[in-house]
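Remarks on the structure that follows.
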Amino acid sequence: MNVFSDFVNRVGEAVAALAAAGDLPTSCDISRISVEPPRDASHGDIATNAAMILAKPAGLKPRDLAEKIAAKLGEAGDVASAEVAGPGFINITLDASYWHRVLATVLKDGPAFANSDIGKGAAVNVEYVSANPTGPLHVGHCRGAVFGDALANLLQRVGYHVAREYYINDAGAQVDVLARSVHLRYREALGEKIGDIPEGLYPGDYLKPVGESLAWIHGHALLGEESAWLETVRTEAIDAMMDLITEDLAALGIRHDVFFSERSLTAEGGDRIADAIAFLAERGHIYEGRLPPPKGQLPEDWEDREQTLFRSTAFGDDVDRPLKKSDGSYTYFASDIAYHLDKFRRGFGHMIDVWGADHGGYVKRMKAAVAALTGDEADLDIKLCQMVRLFRGGEPVKMSKRAGDFVTLREVVDEVGADPVRFMMLFRKNDAPLDFDFVKVTEQSRDNPVFYVQYAHARVHSVLRNAAEAMPDLDLGDGALASADLSGLTDVAEIGLIKRLAEYPRALESAAIAHEPHRIAFYLHELASDFHGLWNRGKDSPQLRFINAAHPALTMARLGMIKALAAVLADGLSILGVEAVEEMR
RNA sequence: GUCCCCGUAGCUCAGCUGGAUAGAGCACCAGAUUCCUAAUCUGGGGGUCACAGGUUCAAAUCCUGUCGGGGACGCCA
């Protein structure tokens with residue numbers, strides 16, 4: 001049950017009634033009409049701009065039209081008042097009984113009261129992490145990983161059919177470097193002294209077990225020419241790295257549905273990259289031509305040459321993009337085109353790519369490619385995640401540039417736990433830089449939003465436990481609470497809490513439409529704040545406490561209220577992938 | 001030189017895709033607190049939404065330009 005869509009309907013009915021009465025043209029565009037909570041509480045519970053939108057086509061003054069609409073809306077029994085304000089807003093104040101009914105619905109249906117079907121079962125592909133399989137994930141990958149996962153949860157929550165996908169870059173030169181690095185460890189495992197790791201190879205110790213494993217399996221069989229062992233070592237090294245990566249992700253509670261191998265695009269004699277280019281060529285988007293030299297610092301080996309180009313400028317890009325390198329192999333962009341065509345052909349009309357902000361320059365060409373490939377039948381949204389800066393007690397954590405010496409995702413998760421990491425990564429808009437402090441995120445204080453929200457949930461359960469002890473005669477089962485008489489909830493803070501709960505469906509939908517899971521985190525923080533505030537008022541005003549032994553009926557109503565609150569908190573936290581604990585300890 | 005993101009209270013950031021008098025948390029100031037259910041509470045000051053134009057009933061939000069910060073600019077992915 002969504003309060004706002006309820007009133008979208010009511011406004012629509014009022015407008016239709018006026019049209020039937022001849023006060024309005026029959027064909028009005030009502031799509032621009034908004035029904036939303038006013039920023040200022042003195043403006044009531046719901047505000048609509050309907051009269052201001054319709055005034056011009058109706059040939060009426062906004063306020064006059066507003067009076068007519070307000071009169072219609074005011075006829076409903078649960079509307080306490082519908083008043084015209086400002087330039088033509090209609091401010092609607094609802095009767096407490098309306099809010100009691102909303103709360104009853106939340107209690108009866110649980111989180112399902114916020115179910116939405118804006119996704120309509122449409123298939124959406126969320127691609128995230130997609131880190132090169134050359135080593136463990138570092139902290140920089142962490143944000144995109146959590147963001148993508150929460151976004152996938154969110155879209156699933158509002159009725160999309162979601163695939164979580166990881167694109168394995170297992171075809172470029174860097175996996176050959178990985179193979180050579182592993183081969184060195186293999187020789188080391190066979191007893192050879194390898195000394196320092198040469199410049200340009202991956203030095204990390206995490207490759208040692210891979211080398212040892214190769215030594216066990218292959219003995220001395222891989223000691224010949226590189227061409228003889230490269231493929232074998234590369235394959236096993238990539239497998240080992242992906243095992244490492246999926247373990248790291250699992251520690252964060254992340255599991256992908258699909259791991260798509262870049263190499264598979266050209267495996268088994270096929271060449272789907274060539275196919276994709278041919279597909280574009282048939283539509284006239286490919287040509288042979290020259291590009292102006294890149295601005296900024298000119299690469300040393302720049303040469304002006306004729307090459308195969310994608311006409312991305314026809315789709316909003318700044319320059320056309322090359323698809324083949326000078327050695328004849330495909331550019332990364334070319335395989336990405338084939339990859340996105342594959343996604344489209346697998347039935348995804350909606351695609352979302354989650355990238356680091358340093359890939360920002362790549363956005364236009366990728367969107368251009370998807371537009372060209374799908375003829376605008378599919379859409380691609382690209383979410384860029386900004387940097388995470390690490391702090392410890394306010395001091396920046398130094399990360400040496402030296403290769404191999406980075407803070408891994410695993411180190412962060414092992415130290416502070418998955419929940420704080422996930423929540424903090426989502427407590428900021430994705431395109432804003434984020435400061436992560438190892439000390440602050442585990443503090444048990446109201447300054448720490450992770451704790452603040454989790455504690456609200458735990459506190460509800462604490463109250464329920466105390467109630468069971470203090471009033472053993474009460475039936476605190478879901479059924480009893482759902483049928484409690486809620487009419488005793490009259491304090492503004494209590495009604496305010498219910499109003500906040502009623503905003504949840506709208507918060508879900510707007511977050512899903514905007515592809516912005518952080519809005520859920522902020523909503524939960526506000527909800528927790530309402531609850532803690534109400535709890536604290538019980539200090540000075542004992543009659544407001546949730547447990548009131550002298551008034552069992554009122555106690556039931558209040559316990560029902562906080563039970564509903566806990567359900568919404570738990571539902572929201574599950575979207576963020578954070579556990580809703582029942583005790584803090 | 002071109003493109004993308006950002007610029008909101010002293011600090012860190014929200015602002016529901018165009019709504020009414022722009023919000024929250026820190027920090028600061030002033031009170032309350034041998035009360036209790038679990039980790040104090042209440043109030044207050046503080047703003048030219050970087051700047052200048054434009055679009056309209058209405059702009060922090062959309063468009064153009066300027067300034068400032070970050071990032072990216074065949075053959076790294």
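Chain A is the first sequence line, chain B the second, and so forth, proteins listed ahead of strands; every chain is numbered from 1.
Side-chain nitrogen and oxygen atoms of K325(A) include at least one within less than 4.0 Å of the OP1 or OP2 phosphate oxygen of A77(B). Contact between the side-chain N/O atoms of R519(A) and the OP1/OP2 oxygens of C16(B) is not found at any separation under 4.0 Å. Note on N536(A): a side-chain N or O is less than 4.0 Å away from OP1 or OP2 of C41(B). Under 4.0 angstrom from either OP1 or OP2 of C13(B) there lies at least one side-chain N or O belonging to R428(A). Contact between the side-chain N/O atoms of K56(A) and the OP1/OP2 oxygens of U56(B) is not found at any separation under 4.0 Å. Checking the phosphate oxygens (OP1, OP2) of C41(B), a side-chain nitrogen or oxygen of R446(A) falls inside 4.0 Å. Applying the 4.0 Å criterion to OP1 and OP2 of G15(B), one finds that H518(A) has a side-chain N or O inside that range.
As rounded to whole Å, 18 Å separates atom P of C16(B) from atom CG of L524(A). To the nearest angstrom, P of C75(B) lies 13 Å from CG of D336(A). Here C76(B) presents its C1' atom at 16 Å from CG of D170(A), a figure rounded to the nearest Å. What separates CG of D447(A) from P of A27(B) is a distance of 6 Å, to the nearest Å.
Candidate nucleotides U40(B), A38(B), C26(B) were compared by shortest atom distance to the side chain of W535(A), and A38(B) ranks first. Of the candidates G71(B), A77(B), U37(B), the closest approach to any side-chain atom of Q174(A) belongs to A77(B). For R459(A), the listed nucleotide lying nearest its side chain is A38(B); candidates were G71(B), A14(B), A38(B). Closest to the D358(A) side chain, of the nucleotides C16(B), G19(B), A72(B), is A72(B). Nearest to the side chain of K364(A), among U40(B), A77(B), C4(B), sits C4(B). Of the candidate nucleotides A77(B), A20(B), C57(B), A77(B) has the atom lying nearest to any side-chain atom of Y332(A).
The ring of Y339(A) has its center closer than 6.0 angstrom to the ring center of F260(A). Aromatic pair F147(A)/H518(A): ring centres not closer than 6.0 Å.
The closest side-chain donor-acceptor pair between T134(A) and N132(A), if any, does not fall under 3.5 angstrom.
Nucleotide A38(B): unpaired (no Watson-Crick or G-U wobble partner with both distances less than 3.5 Å). Checking G19(B) for Watson-Crick or G-U wobble geometry (two distances, each under 3.5 Å) identifies C57(B) as its partner. Under the Watson-Crick or G-U wobble criterion, with both distances below 3.5 Å, C11(B) is paired with G25(B). Base pairing annotation: C73(B) forms a Watson-Crick or G-U wobble pair with G1(B), both donor-acceptor distances under 3.5 Å. Under the Watson-Crick and G-U wobble criteria, each requiring two contacts below 3.5 Å, nucleotide U48(B) is left unpaired.
Judged by ring centres under 5.5 Å apart and planes tilted less than 30 degrees, H359(A) fails to stack against the six-membered base ring of A72(B). In this pair, F89(A) lays its aromatic ring flat on the base of A20(B), centres within 5.5 Å and planes under 30 degrees apart.
Backbone-only contact: N169(A) has heavy atoms under 4.0 Å from sugar-phosphate atoms and none from a base. At the heavy-atom level, Y362(A) lies under 4.0 Å from base atoms of the strands shown. If you check every strand for non-hydrogen atoms under 4.0 Å, M584(A) touches a base. Within 4.0 Å of A470(A), counting heavy atoms only, lies no atom of the nucleic acid at all. Within the nucleic acid shown, R365(A) has no heavy atom closer than 4.0 Å to any nucleic acid atom. Within the nucleic acid shown, N91(A) comes within 4.0 Å of at least one base atom, counting heavy atoms only. Contacts of R545(A) with the nucleic acid, taken as non-hydrogen atoms under 4.0 Å apart, include base atoms. In this structure, P322(A) reaches the sugar-phosphate backbone alone: every heavy-atom distance under 4.0 Å involves primed, P, OP1 or OP2 atoms, never a base. At the heavy-atom level, A47(A) lies under 4.0 Å from base atoms of the strands shown. Counting non-hydrogen atoms under 4.0 angstrom, Y455(A) reaches a base of the nucleic acid. Note on S326(A): a base of the nucleic acid sits closer than 4.0 angstrom, heavy atoms only. Residue E503(A) is out of contact with every strand shown, counting any heavy-atom pair closer than 4.0 Å. Across all strands, G360(A) comes closer than 4.0 Å to no nucleic acid atom at all (heavy-atom distances).
Nucleotides C73(B) and U8(B) are separated by 31 Å at their C1' atoms, to the nearest Å. Rounded to whole Å, the separation between the P atoms of U17(B) and G54(B) comes to 27 Å. C51(B) sits 13 Å from G10(B) when the P atoms are compared, rounded to a whole Å. Comparing the C1' positions of A9(B) and A22(B) gives an interatomic distance of 11 Å, to the nearest angstrom. Taking the C1' atom of each, C36(B) and G70(B) are spaced 49 Å apart, rounded to whole Å. Using P as the reference atom, G25(B) and A14(B) are 16 Å apart when rounded to the nearest Å. When the C1' atom is compared between C63(B) and A72(B), the two are found 24 Å apart, to the nearest whole Å. Nucleotides C6(B) and A24(B) have their P atoms positioned 24 Å apart, rounded to a whole Å.
Where P433(A) and Y167(A) meet RNA chain B, the nucleotide closest to each residue was compared, and P433(A) sits on the side nearer the 5' end. Both E516(A) and V363(A) sit near RNA chain B, but only V363(A) has its closest nucleotide nearer the 5' end.
A cation-pi contact, defined as under 6.0 Å to the ring centre and within 45° of the axis, links R311(A) to Y287(A).
Taking each heavy atom of T48(A) and S34(A) in turn, the nearest pair found is OG1-O, 2.9 Å.
Side-chain atoms of M425(A) and F436(A), non-hydrogen and from C-beta on, do get closer than 4.5 Å to each other.
In textbook terms, a nucleotide whose glycosidic angle is within 90° of 0 is syn, and U17(B) is one such case.
Considering Y455(A), F427(A), F451(A), F531(A) as possible partners of H525(A), the one that fulfils the ring-ring contact (aromatic ring centres under 6.0 Å, His included) test is F427(A).
Side-chain N or O atoms of S81(A) include none that pairs as donor or acceptor with a backbone N or O of E83(A) at under 3.5 Å. A donor-acceptor pair under 3.5 Å links the side-chain atoms of S181(A) to the main chain of V177(A), judged by distance alone.
Using a cut-off of 4.0 Å between Lys/Arg side-chain N and Asp/Glu carboxylate O, K343(A) and E127(A) are scored as salt-bridged.
In terms of polar N and O atoms assigned as donor or acceptor, the side chain of S510(A) never comes within less than 3.5 Å of the base of C16(B) in a complementary pairing.
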